[in-house]
Amino acid sequence: MDTTPLYPVFSLTLSGETLTGNLARATERNPLTLEKLNHEVAVHKLEDVCLNGKAVSALLDHSRINQDFSIEIAKLIDAELTITISDNKMIVTAEVTPAKGGKPITRADILAALHTEGISSDLVNIPAIDKLLKTASPTIIAQGREVEHGSDTRFIEKFFLDKNTTPTINEKNYAEFFETKAYIHVEAGAELVRRILPTEGTDGITVLGKILPAKKGKLLQFKKYPGTKISEKDADQLCATISGHPVLEIQGARVDPTLALKQANLETGNINFEGSVLINGDVLPQVKIFATGDIFVKGTVENANLEAGNSIIIGGGVISESTPTLNEPPKITTQLRAGCDIQAKFLSLTRANAGQNIVIQSYAMNCELNAGHALLLGENGGKGTLIGGHSIAGASVSVQTLGSPAYIVTEVECGMLHLFAPKLRACEALIRKRTSECQQLNKILETIDANSTTEALGEITLNRKKKIQLTIDAIKQQLKDLKEDQSVLQAEVSKGEKATVQASRKLFPQSLIRLNGDVYKEQKERAKTQLSYQAQKIHIE
């Protein structure tokens with residue numbers, strides 16, 4: 001007699017969201033296995049369904065006895081769509097949680113959901129939706145259009161001023177600043193500046209269809225400067241009225257007449273000129289040159305005094321007395337002062353003061369240097385050595401080598417945070433005080449006006465009102481001046497906070513460095529070194 005047990009017949013039933021496994025009595029010996037169960041699930045195209053492991057185990061256990069048995073083995077879960085709108089209403093992000101045997105998300109479902117959220121159909125990205133359906137990862141499916149405000153009036157220079165004033169070295173080893181177009185000459189009638197009119201701008205729109213109106217750019221006029229006029233034929237063209245040196249200004253340009261000389265010597269005498277000065281040769285000892293514009297020297301400067309309202313650019317070097325006596329060191333007898341930049345190949349025993357930058361190609365030795373912004377030595381391939389003397393810069397000092405193998409004391413100062421920060425705090429405190437005073441006086445005026453008409457005011461009250469108004473006007477003027485001072489002080493404080501001293505190749509002992517008043521004295525030779533000011537102290541890298 002055959003004693004092999006009989007196994008029930010297995011089947012699946014799908015009802016709504018429920019998947020049930022069924023066992024029914026049978027006469028065939030066909031045991032249920034996990035492979036058969038998975039095959040049956042696949043036949044029903046339910047591969048993504050998440051089966052209940054305990055229910056499957058119970059089903060397999062009951063399949064060993066020939067009995068009727070049913071149990072729920074899975075719940076069918078539909079796919080889920082999550083739509084997120086950014087706070088600024090400019091981006092819509094969607095994420096799909098895949099279905100587990102249930103209904104998948106379709107493109108139509110997503111479009112319907114976007115419509116329900118009020119998303120403008122013109123801003124929906126269909127390819128992004130199709131990508132989302134494939135990857136199910138968070139995807140931007142709709143995006144607003146940012147507002148593009150119109151650009152303000154622009155002023156474009158037309159005299160092709162070359163901003164690169166780095167000299168080329170000629171066969172005589174002089175730097176040819178003149179050939180770099182740092183100095184430009186124009187003739188009367190030449191176009192200097194072209195005005196580009198403002199644009200209208202383009203409105204933006206949020207994903208919800210709200211229009212973000214664009215602002216039209218500001219229309220600005222040419223400012224009047226010496227040596228220029230607006231063309232009679234073209235209101236957007238600024239022309240030169242004289243021949244000379246063009247200088248770009250805010251909303252326009254000016255033309256400085258230029259004095260050109262072969263040399264500056266005893267024959268020329270001292271030079272005092274409103275405009276720019278060009279010396280094609282050398283500046284010889286004892287000569288003094290003053291110019292409201294630029295001073296250009298193609299040769300060298302020795303034992304002289306140069307002062308420029310704009311920049312001083314020297315093709316060669318600058319020296320003072322070169323024959324010291326036995327009992328005293330050489331004297332500084334050459335002095336340079338410029339409202340903007342000072343540039344030279346080298347400086348020796350020179351006192352130089354620049355409103356912006358001092359740029360030296362080769363070296364500066366035993367000098368007194370003061371740069372309102374940056375001191376730069378060795379730019380564009382120069383040796384860039386700073387030896388001895390005392391140098392000051394408002395924002396940064398960048399050299400190749402600081403000090404010398406002879407350990408000559410070399411002093412460098414950078415950043416004036418310790419001087420300007422207290423002044424800024426005091427200025428801001430005074431602004432608050434004056435603002436409060438102005439507000440109090442305005443309240444008194446309002447009280448006077450509220451209690452009586454102008455005709456009913458007595459003479460004493462009327463005089464008091466006038467005095468109060470005069471005081472308010474005086475305070476407003478003082479506040480205007482204080483805010484201008486505040487702006488200047490804030491700029492100086494910002495420079496101090498970012499102050500750096502850098503030696504790109506070598507830093508020698510006896511280099512004394514002050515950063516915002518804090519002192520660092522180098523005791524050993526270092527390779528590339530940078531000192532910055534962080535957390536109220538000097539930081540060395």
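All values reported here derive from a predicted model rather than from experimental measurement.
Listed by chain and residue number, nothing satisfies the side-chain hydrogen bond (donor to acceptor under 3.5 Å, both in side chains) test with Glu267 (two or more places apart in sequence, or in another chain). Checked against side chain to side chain contact (heavy atoms under 4.5 Å, CB included), Leu261 has the following partners two or more places apart in sequence or in another chain: Leu259, Thr268, Ile271, Ile279. For Phe290, the ring-ring contact (aromatic ring centres under 6.0 Å, His included) test picks out no residue, with sequence neighbours left out. For Ser243, the side-chain hydrogen bond (donor to acceptor under 3.5 Å, both in side chains) partners at least two apart in sequence or on another chain are Glu187. For Arg154, the side chain to side chain contact (heavy atoms under 4.5 Å, CB included) test picks out Ile156, Ile196, with sequence neighbours left out. With sequence neighbours excluded, the residues forming a side chain to side chain contact (heavy atoms under 4.5 Å, CB included) with Pro138 are Thr93, Glu95, listed by chain and number. Every residue two or more places apart in sequence or in another chain that forms a side chain to side chain contact (heavy atoms under 4.5 Å, CB included) with Asn303 is listed here: Pro285, Gln286, Thr333, Thr334.
Here the closest heavy-atom approach between residue Val186 and residue Pro246 is recorded as CG1-CG, 3.8 Å. Closest heavy-atom contact between Leu369 and Ile358: CB-CD1, 4.0 Å.
Sorted pairs that involve residues 117-129 and meet side chain to side chain donor-acceptor pair (under 3.5 Å), not counting sequence neighbours, are lacking altogether. Judged as a ring-ring contact (aromatic ring centres under 6.0 Å, His included), not a single pair has a partner in residues 265-288 (not counting sequence neighbours). For residues 200-227, the set of pairs meeting the side chain to side chain donor-acceptor pair (under 3.5 Å) definition, not counting sequence neighbours, comprises Arg195-Gln221.
Of the possible polar contacts, none joining the Thr199 side chain to the Gly150 backbone as a donor-acceptor pair under 3.5 Å is found. Counting only distance, with no hydrogens or angles, the side chain of Asp282 and the backbone of Thr300 share a donor-acceptor pair below 3.5 Å. Between the side chain of Thr350 and the backbone N or O of Ser348 there is at least one donor-acceptor pair closer than 3.5 Å.
Here the CD1-OG distance, from Ile91 to Ser86, works out to 5.0 Å after rounding to the nearest 0.5 Å.
Side-chain contact between Thr500 and Val397: absent, with no pair of heavy atoms (C-beta onward) separated by less than 4.5 Å.
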Side chains of residues 433-445: which donor-acceptor partners sit under 3.5 Å, not counting sequence neighbours?
| residue | atom | partner | partner atom | Å |
| --- | --- | --- | --- | --- |
| Arg434 | NE | Gln478 | OE1 | 3.0 |
| Arg434 | NH1 | Glu437 | OE1 | 3.1 |
| Arg434 | NH1 | Glu437 | OE2 | 3.1 |
| Thr435 | OG1 | Ile431 | O | 2.7 |
| Ser436 | OG | Gln440 | NE2 | 3.4 |
| Asn442 | ND2 | Cys438 | O | 3.1 |

Only distances under 3.5 Å count here; give the side-chain donor-acceptor pairs of residues 466-476 to other protein atoms, sequence neighbours excluded, each with its distance to 0.1 Å.
| residue | atom | partner | partner atom | Å |
| --- | --- | --- | --- | --- |
| Gln469 | NE2 | Asp473 | OD1 | 3.1 |
| Thr471 | OG1 | Lys467 | O | 2.8 |

